[in-house]
Amino acid sequence: MHSLVLVEDVSSLLPQLESRLPRSSNVYNMAKFYPKFKSEMKFYVLITKPELQDETWIFVIYQRKDFGQDISISAPSEPFKVFSPEEIQKYFEESNLIEWDKAYHFTTLDRDISRPFYELSVNVKGNATLVIPDYFYYLDRETAATLPQESISTTFAEDVEVKSIGSKDGVQFIKKTWKHAAPDSDDYLENMLTRNECRGVYVNDNIVSGLVLNGTGFLAMLHTLPEFRRQGFGKRCMRDLIGSLGKSGFVPCCTVDIKNHRSQAFQIAVGLKKSHIVDYILYCPETFE
């Protein structure tokens, strides 16, 4: 008998998720920081027996004010060995976990499992759905923990400080520089800055470059103000946060649009490794009104 079950003890999922690294790196990170996000985040498993197995599917739903439901999935290495694509579609269609008439966002689905969810969104629910393919980058925890840090060589050296981003100036900085920021993104951004690790470069006490570990377990929202570029600030932010995350047992990871060759080269330059192709699947009703 198959069951879709809410997980109460999320820490019990960590061994299973660890066995699926690096492909499930972001879901592993989400399980580790779950205690800080209990009110926004829920974990579910699709199982055939009471205990976790290799065939167990793990789903995470992060409820956001700005983009609705953010859904992340960790699938088995042979995803459709036990559950067929049609069964996966059926469970999601009938479970009422997803509010299909509101905004939702499947985050970085492995390419080999994305089609059932796209077809469910389009063919069954009739939603005009966007698919964005990305490359997945990561660095194992051991290497990340020993990643050497580079000194900043810049004309601003005497006034530069690398540190965690304050929530007040951080929210305003990211809202102005993150291309996906929405009018009601403040809560989400403040949660990232106050609950997860983040890193910024400050010049004369003003933030000029920064990034966060976002709600779906990824390094994200990196931006350096144009007038401060080519100083190594973005690279220093990334390497500093990657090292700190590795020492804390997280798996640093991110995604990059498959056509963004400059960003792909940057990820390699900071020490990340390319893993596989993933798909973002988005539905935003306001976009198609």
Side-chain angles (χ1 to χ4, degrees), residues 5-18 20-45 52 58-74 97-98 103-108 136 138-141 144-145 162-175 178 180-182 184-200 207 210-222 237-238 240-255:
V5 180
L6 175 67
V7 179
E8 299 292 345
D9 180 12
V10 172
S11 64
S12 67
L13 301 176
L14 287 171
Q16 185 68 267
L17 291 168
E18 188 164 19
R20 298 178 180 177
L21 298 176
R23 295 176 73 89
S24 293
S25 296
N26 71 301
V27 180
Y28 176 83
N29 290 341
M30 294 175 78
K32 281 184 66 67
F33 61 57
Y34 167 74
K36 300 178 182 179
F37 293 89
K38 288 184 177 180
S39 61
E40 296 90 359
M41 192 183 297
K42 294 187 183 300
F43 280 73
Y44 300 87
V45 290
L52 293 175
I58 301 172
F59 308 96
V60 195
I61 299 179
Y62 188 115
Q63 190 69 47
R64 295 171 54 172
K65 290 183 179 180
D66 52 355
F67 288 110
Q69 291 179 307
D70 209 334
I71 306 117
S72 299
I73 299 175
S74 170
L97 292 180
I98 308 299
Y104 53 83
H105 183 183
F106 287 89
T107 297
T108 62
F136 188 104
Y138 80 100
L139 190 63
D140 64 88
R141 292 163 292 180
V162 181
K163 61 181 180 180
S164 294
I165 302 172
S167 60
K168 185 176 181 180
D169 55 351
V171 167
Q172 295 307 311
F173 177 80
I174 296 173
K175 283 197 71 174
W178 181 40
H180 300 298
D184 49 359
S185 290
D186 293 56
D187 285 348
Y188 178 73
L189 297 177
E190 186 165 357
N191 287 343
M192 300 309 104
L193 293 168
T194 58
R195 303 181 195 178
N196 278 349
E197 286 204 59
C198 55
R199 208 57 97 242
I207 184 170
L211 80 158
V212 303
L213 177 65
N214 73 6
T216 48
F218 287 110
L219 300 166
M221 307 175 193
L222 176 64
C237 277
M238 282 282 285
D240 202 81
L241 185 52
I242 287 170
S244 181
L245 291 173
K247 292 173 184 176
S248 299
F250 290 91
V251 183
C253 56
C254 69
T255 65

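Source: prediction; values computed, not measured.
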Without placing hydrogens or testing angles, list every side-chain donor-acceptor pair under 3.5 Å for residues 6-13, not counting sequence neighbours.
{"unit_1": "Asp9", "atom_1": "OD1", "unit_2": "Ser11", "atom_2": "N", "d": "3.4"}
{"unit_1": "Asp9", "atom_1": "OD1", "unit_2": "Ser11", "atom_2": "OG", "d": "2.5"}
{"unit_1": "Ser12", "atom_1": "OG", "unit_2": "Asp9", "atom_2": "O", "d": "2.6"}

Open item on the list: Rounded at 0.5 Å granularity, tell me how far CG in Asp66 sits from OH in Tyr188.
Closed with: 7.5 Å
Open item on the list: Could you go through Leu245 and Asn29, starting from their C-alpha distance and side-chain angles, then the distance that decides it, and tell me whether this counts as side-chain contact (heavy atoms from CB on, under 4.5 Å)?
Closed with: CA-CA 10 Å; Leu245 291 173; Asn29 290 341; over 6 Å; no
Open item on the list: Please evaluate residues His105 and Thr216 with respect to the criterion side-chain contact (heavy atoms from CB on, under 4.5 Å), reporting the C-alpha separation (whole Å), side-chain torsions for both, the decisive distance (0.1 Å), and the verdict.
Closed with: CA-CA 11 Å; His105 183 183; Thr216 48; over 6 Å; no
Task: By side chain to side chain donor-acceptor pair (under 3.5 Å) - contacts of Gln16 (at least two apart) - done: Ser19
- [ ] Measure from NZ or CZ of Arg195 to the centre of the six-membered ring of Phe37, then state whether that distance is under 6.0 Å and the direction lies within 45° of the axis.
- [x] yes
Open item on the list: Rounded at 0.5 Å granularity, tell me how far CZ in Arg23 sits from OG1 in Thr108.
Closed with: 11.0 Å
Open item on the list: In the structure I gave you, are the side-chain heavy atoms of Trp178 and Lys175 within less than 4.5 Å of one another anywhere?
Closed with: no
- [ ] Could you tell me whether Arg64 and Asp70 make a salt bridge, using a distance below 4.0 angstrom between a side-chain N and a carboxylate O?
- [x] yes
Task: Gap between atom OG of Ser39 and atom CG of Asn191 - 0.5 Å precision - done: 7.5 Å
Task: Non-hydrogen atoms of Ile165 and Gly210 that approach each other most closely - done: CD1-CA, 4.0 Å
Open item on the list: Would you compute the distance between atom CG of Asn196 and atom CE of Met30 and round it to the nearest 0.5 angstrom?
Closed with: 10.0 Å
- [ ] Return the minimal non-hydrogen interatomic distance between Asp184 and Lys65, and the atom names on each side.
- [x] OD2-O, 3.0 Å
Task: Candidates Tyr28, Phe136, Phe250, Tyr138 - the one meeting ring-ring contact (aromatic ring centres under 6.0 Å, His included) with Phe218 - done: Phe136
Open item on the list: Can you tell whether the side chains of Glu197 and Lys247 come within less than 4.0 Å, N to carboxylate O?
Closed with: no
Task: side-chain contact (heavy atoms from CB on, under 4.5 Å) between Asn26 and Thr255, intermediate numbers included - done: CA-CA 10 Å; Asn26 71 301; Thr255 65; over 6 Å; no
- [ ] Considering non-hydrogen atoms only, spot the tightest contact between Cys198 and Leu241 and give its length.
- [x] N-CD1, 4.1 Å
Open item on the list: Under 6.0 Å between ring centres: does that hold for Phe67 and Tyr62?
Closed with: no
- [ ] Hey, could you give me the CZ/CG distance between Phe59 and Leu97, rounded to the nearest 0.5 Å?
- [x] 8.5 Å
- [ ] Compare all side-chain heavy atoms of Arg199 with those of Leu211 and state whether any distance is below 4.5 angstrom.
- [x] yes
Task: Rounded distance (nearest 0.5 Å) linking atom CD1 of Ile73 with atom CZ of Phe106 - done: 5.5 Å
TODO: Would you mind reporting whether Arg20 and Val27 have side-chain heavy atoms less than 4.5 Å apart?
DONE: no
TODO: Considering non-hydrogen atoms only, spot the tightest contact between Pro35 and Ala31 and give its length.
DONE: CD-O, 4.2 Å
TODO: Could you tell me which non-hydrogen atom of Ala144 sits nearest to which non-hydrogen atom of Gly246, and how far apart they are?
DONE: CB-CA, 3.9 Å
Task: Considering all heavy atoms, the nearest Leu222-Met238 contact - done: CD2-CG, 3.8 Å
